[in-house]
Each structure stands twice: as structure tokens, then as C-alpha cells.
Participant: 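A single structure is presented below for examination.
This one's a predicted model, so the numbers in the text were calculated from it and none came from an experiment. Letters go in sequence order (proteins before strands), and every chain restarts at 1.
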Amino acid sequence: MITATTTESIITPRVIASPSSWIEGEAIRQLEQTARLPGMRAAVGLPDLHPGKGYPIGAVFLSERIYPALVGNDIGCGMALWQTELTARRFKPERAAERLQGLEGPWDGDLDAWRADWNLEPTPFDSALGTIGGGNHFAELQVIEKVLDETALAALELEPERLCLLVHSGSRGLGESILRAQVNQWGHAGLAPDSPEAEDYCARHDQALRWAEANRALIAARLLDALGTEAEQRLAVWHNGVEPVDWHGERLWLHRKGAAPADRGPLVIPGSRGSLSYLVAPTGDGETSLRSLAHGAGRKWKRGEARARLSGRQRPEDLAVTALGGQVICEDKELLYDEAPESYKGIERVIGDLVAAGLCHPIATLCPVLTYKVRKAEHQRPGRARQTERRRR
DNA sequence: ATGTAC
């Protein structure tokens, strides 16, 4: 007997982007392919849609089943915004840059207390709590560049003269281990909700969400501590994950794969480190966009492609300051090129497409002042003593 | 994306 518990009809994915917005063919193919998975009910590509490893990034999927492989390894990856005590007027990026050291290593604070605060069980990956990681992850100080909705900004308790801190990171090795265990046992198959394996995955997934959120908070705390200042968190969202939703009275599973939630109030959609980020308020009923928004500008060039394209015309030192005047700390050459502003699409187009589709309205723009990616360990770079020695000769 | 896989 065949039990028809899943919908067999093929759904047609939608792409929310103006015809003039360039989207890679491979990303569309991945979107269509993913939309054919059993139990898929809706699939939407957002304006930052680009190819990922098997599944597209910048997309959202509504399904009868749970697809861990679609969520990917960085479960809980997301953005959090703080308002710092620093004022834009008095901030000295070069001085601040000098003080930001050693954020890559394990935190030497009270890990037990931190885990207790965030309701986290110990994991084998906790030495990475409070570390940014690689790829597109960063911690960035930003100045509010232009206020477009004063009332909304005030409601968020964001004062225009104070610097913001935006942190983008995820669940590091923990999320990766959860996905790996999942794929080893079940492959890429969708899990039936209420099955033991689904419950097991969801429990681990939710733990990774909390871990990632705690990670962003600890990254912020360490960075603020290094700068000798304080801050209050204003916004927090994750853009990689799956959650049950009531969809017109039916219980379905909403997968966000590089897609920000549009059902939890205002959020930041960051551009590259060389462009503005947008603080936006979601608008509309969430029907056409599956309650989601773009999570960033979207990659234009694949990882590893940027160095070959840019190294001829830009030296590493040229990439240390962006066109908008922001300082960049990234002592990893490959990453420095991979995450160069040119590797990303223009954020203005992405926001424009979302606004045109009636999905959000801008509250303010944020301009990067100091972007922290990675420092090498102290022993890997020329120390003060050696530099002094050289100068004497 | 990943205290990565080869």
C-alpha cells in the first residue's frame, strides 16, 4: 500500500528580483532542483540568490518534511546588532584597530557562567565560543549614515550619533558536526516530522541556534572589552535554519538558507564591507516571500575566484581601507581577496528589489568604520621587538 | 561554512 503522505506535484519556484538583477544560472538550477524534493510546497529565491554547495543560498523553502542538508552546516548563522557607547565623532579607527587582538583564540573568561546564561550544554566545540570564524563572517563597527525613518529608529532605541556593532557569525564546529552526523546516518533525505530522527535533529538544531546566538554575544563582549567600552543588543536574527510554521492552518517547515526572517521586526541587511548596510522594517503579509528577506548583498564571485581577478590591480595593503573609508583587519590573504567588496553584488540593487516587491522599507543606512575579520596569532607576525630591531639597522 | 577533505 502506498501512503500518500507527501505532495507529489512539482512546485514552481519564484525569484524575487527585478529583470535587470543578474542571478547566476547555477543558482536558478539549484533552486529548481531543491523545489523538486518530496514534500516541497513553495520555494522562493531572494534578490541575493547565488549558488551554494548543492543548494542555493539566499532562498527559502516551505516543506512537509525537514531537510537538514538544506539548512547546511552553519546552523544558526545570523546577525546581531548592538548600540555601543562609542560616539562616531570621537572614534579613532586606527587606535581601535591596534587594540583588537587575540579574538581568534579561546576565550579566557568563565565559560560555565556563559553557558548557564544561554542555557547551553557543554559541547566539544566550546573553545570556539566567542570566535568569528572564516568566510563571510565579521564583526563591524558602523556609523549611522542616513536616517530615513526617524520614528522607527527611535523605537529601536538607536541614537544616530552612536556607533553600532554588527556581528555576523554562526555555530562554528558544532553546526558542522550536527550536519555531518545527520548526513552520515540519513544522507540528504527529508525527515518525517514527529519521527524520532526528526525530533533528534530538531533538538540539536535548536541547541546550535542558541550556541550561535551566544557566540555572537561573546564575540561582541570580547571586542567591546578590548575597546574598553560597553553596548546593548538591539537586534538579533538567524538566517540559516528550519522552523515549524502555521501556514494557513497547516503545520509546515520553513527552511531559511541564507534568508532573513521577515516576521520578527526590523533587521539589518548588510552590504559588503565596502558598501552600506540597511536597517529595514519588513512590510507586507509574508505570503509571496515566505516570511523572509535577503540576508545580504549576495556573492558575485565564488570563493577562490576573487584573488585571481583582483590581485593584478589591488595589492593586499590596498584592501586594508575601503572606498567608503572603512578600515579592514584581515591578516589572511585568501580571505582578504575572497571577501573584497568586488566579490559581492551591489546592496542597493538588492534592497531596491525588496522595496519594489513591497517586502520592506529602509529605516537607516549604516556605513562601515572598522571591519574585523581575522588577525594572525602573535607569533606568526613580526612582533614589536623585531620591527624595532630592523629600524635600528 | 568547517579546530575542513585530499
Participant: Would you tell me whether Q33(A) and Y55(A) have side-chain atoms, one donor and one acceptor, within less than 3.5 Å of each other?
Facilitator: no
Participant: When we call it a touch if two heavy atoms are under 4.0 Å apart, what does G72(A) touch: a base, just sugar-phosphate, or nothing?
Facilitator: nothing
Participant: D338(A) and W301(A): side-chain donor and acceptor closer than 3.5 Å?
Facilitator: no
Participant: Do you see a donor-acceptor pair shorter than 3.5 Å between the side chains of T131(A) and R172(A)?
Facilitator: yes
Participant: Restricting to salt bridge (Lys or Arg N to Asp or Glu O under 4.0 Å), what partner residues turn up for E176(A), sequence neighbours left out?
Facilitator: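 Partners of E176(A) by the salt bridge (Lys or Arg N to Asp or Glu O under 4.0 Å) criterion, ordered by chain and then number, come out as R180(A).
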Participant: Is the side chain of K345(A) donor-acceptor paired with the backbone N or O of I23(A) at a distance under 3.5 Å, no angle test?
Facilitator: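 Flag not set: sc K345(A) to bb I23(A) has no pair under 3.5 Å.
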Participant: Which residues within residues 124-134 of chain A lie with some heavy atom under 4.0 Å of an atom in DNA chain B?
Facilitator: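 Residues of residues 124-134 of chain A that come under 4.0 Å of DNA chain B are, in numerical order, P124(A), F125(A), G133(A), G134(A).
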Participant: Could you check whether any side-chain N or O of D353(A) sits under 3.5 Å from a backbone N or O of S18(A), counting only pairs where one atom can act as donor and the other as acceptor?
Facilitator: yes
Participant: Does either side chain, that of Q233(A) or that of Q83(A), offer a donor lying less than 3.5 Å from an acceptor on the other one?
Facilitator: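 The answer is no; no qualifying pair exists.
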Participant: Taking only heavy atoms on the protein side, list every residue of residues 167-181 of chain A lying under 4.0 Å from any atom of DNA chain B, sorted numerically.
Facilitator: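 Within residues 167-181 of chain A, the residues near DNA chain B are R172(A), G173(A), E176(A).
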Participant: Listing request: all side chain to side chain donor-acceptor pair (under 3.5 Å) pairs with a residue in residues 220-232 of chain A, at least two apart in sequence or in separate chains.
Facilitator: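 Matches after skipping sequence neighbours: E232(A)-R234(A).
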Participant: Identify the 5'-most and 3'-most nucleotides of DNA chain B with at least one atom closer than 4.0 Å to a non-hydrogen atom of chain A.
Facilitator: dA1(B) to dG3(B)
Participant: Taking I132(A)'s backbone N and O only, do any of them form a donor-acceptor pair with H137(A)'s side chain (distance below 3.5 Å, no angle check)?
Facilitator: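 Checking the backbone N and O of I132(A) against the side chain of H137(A), a donor-acceptor pair under 3.5 Å is found.
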Participant: Looking at residues at least two apart in the chain, or sitting in another chain, which of them share a salt bridge (Lys or Arg N to Asp or Glu O under 4.0 Å) with R36(A)?
Facilitator: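 R36(A) satisfies salt bridge (Lys or Arg N to Asp or Glu O under 4.0 Å) with no other residue.
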